[in-house]
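Heads up, the thing below is written out as structure tokens.
Here the structure is a predicted model, which is why all the values come from computation and not from measurement.
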Amino acid sequence: MKSSVFKSVSLIALAAALGGTSMATSASAKSVKTKGFRVTKITKNTHYQKSAYTKKAPKTGVTIYSSRYLSKHTTSKKTKTFYSTQSVRVVKSTGKQATYRYVTNKSKTVKGWIWTGNLKGKQGKTTSVSNKTVIAPTTNTKIANKTILTPLGKTTSSKAVKTDTAKVYEISDAVSNTNYKGMKNVGKLRDTLNKLASIIKNHPDAWDAHGKKHNQDHKQVYIEVTGVYEYYLTTYTNVIKDSNHGNQDLVNANITELQAYINEAKY
């Protein structure tokens, strides 16, 4: 991994290149109806005989998405029974998978996709299954330019010390992984940043073993890794996404460097 000195120099150089620009979320991000994540692909599509479901929490509303890509949602409070004949398995930008059912109410005035964890009921006999991967459409530049940074919370019981206070985020946007301002793999860069952020938050000691090999204690290696994360997060939000002209070499180099840190993590 890069030394802390190299990281510090890189951050100073980046700040100079940006002319003191500070990292911030898009002002228009509030208009995007998401829950802080995006779907990158559909990996399974299942059809089955008509099945009835009720909410697991009958007294509360349930989030219902208008698209299987989970880009917009509303809340259904009054519907007691939903009917479904289809489900999809999605992969989110965090790398996590989840299954959503397409549902309607009896009169079909309410319809959309609901996470299976919010429903209870028995699925009917399967009629067809497709495991063909469908990549989420991400070619709308107007949508892609809306970036949400959602602070990550700790979801594991891994030990942390008082100095493990770095703020990390899940980046949510809709950049194209094949052609965003002439660049490829920008979506992959975002997802790699999200992966590193998740490890930092949930496994802050993941690099301790590597640090010992280079005579670094936990605090030193934690500062190094989080500094690298902050550097590339700033690069992504201020240089790659907001630049008028793409830089493919920069995208490729950032992915390689971030992946090297992920590969060194032991958790």
Side-chain angles (χ1 to χ4, degrees), residues 1-30 32 34 36-38 40 92-96 138 144-155 160 163-177 180-181 183-204 206-207 221-244 246-265:
M1 293 195 290
K2 289 183 179 180
S3 68
S4 298
V5 174
F6 185 95
K7 176 264 298 179
S8 298
V9 172
S10 298
L11 286 168
I12 293 171
L14 178 65
L18 295 174
T21 302
S22 62
M23 182 183 68
T25 59
S26 168
S28 60
K30 293 181 180 179
V32 181
T34 71
F37 62 80
R38 62 179 291 271
T40 59
K92 299 178 182 179
S93 54
T94 55
K96 294 182 179 180
T138 56
N145 283 336
K146 295 178 181 178
T147 300
I148 298 174
L149 298 183
T150 305
L152 284 179
K154 198 167 184 290
T155 59
T163 54
D164 297 343
T165 57
K167 293 183 179 180
V168 294
Y169 305 87
E170 179 182 358
I171 308 170
S172 300
D173 56 30
V175 300
S176 169
N177 204 45
Y180 180 77
K181 298 183 180 180
M183 298 176 288
K184 296 181 179 180
N185 295 323
V186 178
K188 181 178 180 180
L189 173 57
R190 177 206 54 242
D191 295 343
T192 306
L193 267 165
N194 284 340
K195 176 66 174 178
L196 181 60
S198 178
I199 299 174
I200 290 172
K201 190 64 180 180
N202 292 297
H203 308 281
W207 292 271
V221 73
Y222 180 82
I223 290 174
E224 177 178 338
V225 173
T226 55
V228 167
Y229 166 76
E230 292 167 357
Y231 166 57
Y232 286 111
L233 179 62
T234 304
T235 303
Y236 180 82
T237 56
N238 288 17
V239 179
I240 293 175
K241 287 201 81 257
D242 293 340
S243 62
N244 293 323
N247 186 330
Q248 188 63 60
D249 290 339
L250 180 61
V251 172
N252 295 342
N254 285 6
I255 292 173
T256 299
E257 181 72 10
L258 288 166
Q259 192 59 54
Y261 277 84
I262 290 173
N263 293 342
E264 291 290 352

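In this structure, CG on Leu193 lies 13.0 Å from NZ on Lys188, to the nearest 0.5 angstrom. One distance of note links CG of Asn194 with NZ of Lys96; it measures 11.0 Å at 0.5 Å rounding. The structure places CG of Leu258 at 11.5 Å from CG of Asp191, a figure rounded to the nearest 0.5 Å. Atom CG of Leu149 and atom NZ of Lys167 lie 12.0 Å apart (nearest 0.5 Å). Atom-to-atom distance recorded for Ile200:CD1 and Leu152:CG is 9.5 Å, nearest 0.5 angstrom.
In plain terms, the two heavy atoms of Trp207 and Tyr261 that are nearest each other are NE1-O, 2.7 Å. Heavy-atom minimum distance, Tyr169 versus Leu233: CD1-CD2, 3.9 Å. In plain terms, the two heavy atoms of Ala197 and Val168 that are nearest each other are O-CG2, 3.6 Å. Of all heavy-atom pairs between Ile199 and Ala206, the closest is CG2-CB, 3.9 Å.
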Candidate pair Tyr236 and Val186, rule side chain to side chain contact (heavy atoms under 4.5 Å, CB included), full reasoning: CA-CA 9 Å; Tyr236 180 82; Val186 178; 3.8 Å; yes

For the pair Tyr229 and Val225, evaluate side chain to side chain contact (heavy atoms under 4.5 Å, CB included) and give the outcome as yes or no after the intermediate values. CA-CA 6 Å; Tyr229 166 76; Val225 173; 5.7 Å; no

Given Leu189 and Tyr232, is the side chain to side chain contact (heavy atoms under 4.5 Å, CB included) satisfied, shown in steps? CA-CA 9 Å; Leu189 173 57; Tyr232 286 111; 5.8 Å; no

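Judged by distance alone, with hydrogens and angles left aside, the side-chain atoms of Gln248 form a donor-acceptor pair with the main-chain N or O of Lys184 at under 3.5 Å. The backbone N or O of Glu230 sits less than 3.5 Å from a side-chain atom of Thr234, completing a donor-acceptor pair.
Listed by chain and residue number, nothing satisfies the side chain to side chain donor-acceptor pair (under 3.5 Å) test with Asn185 (two or more places apart in sequence, or in another chain).
Screening Asp249, Ile255, Asn247, Asn254 for a side chain to side chain contact (heavy atoms under 4.5 Å, CB included) with Val251, the sole residue that qualifies is Ile255.
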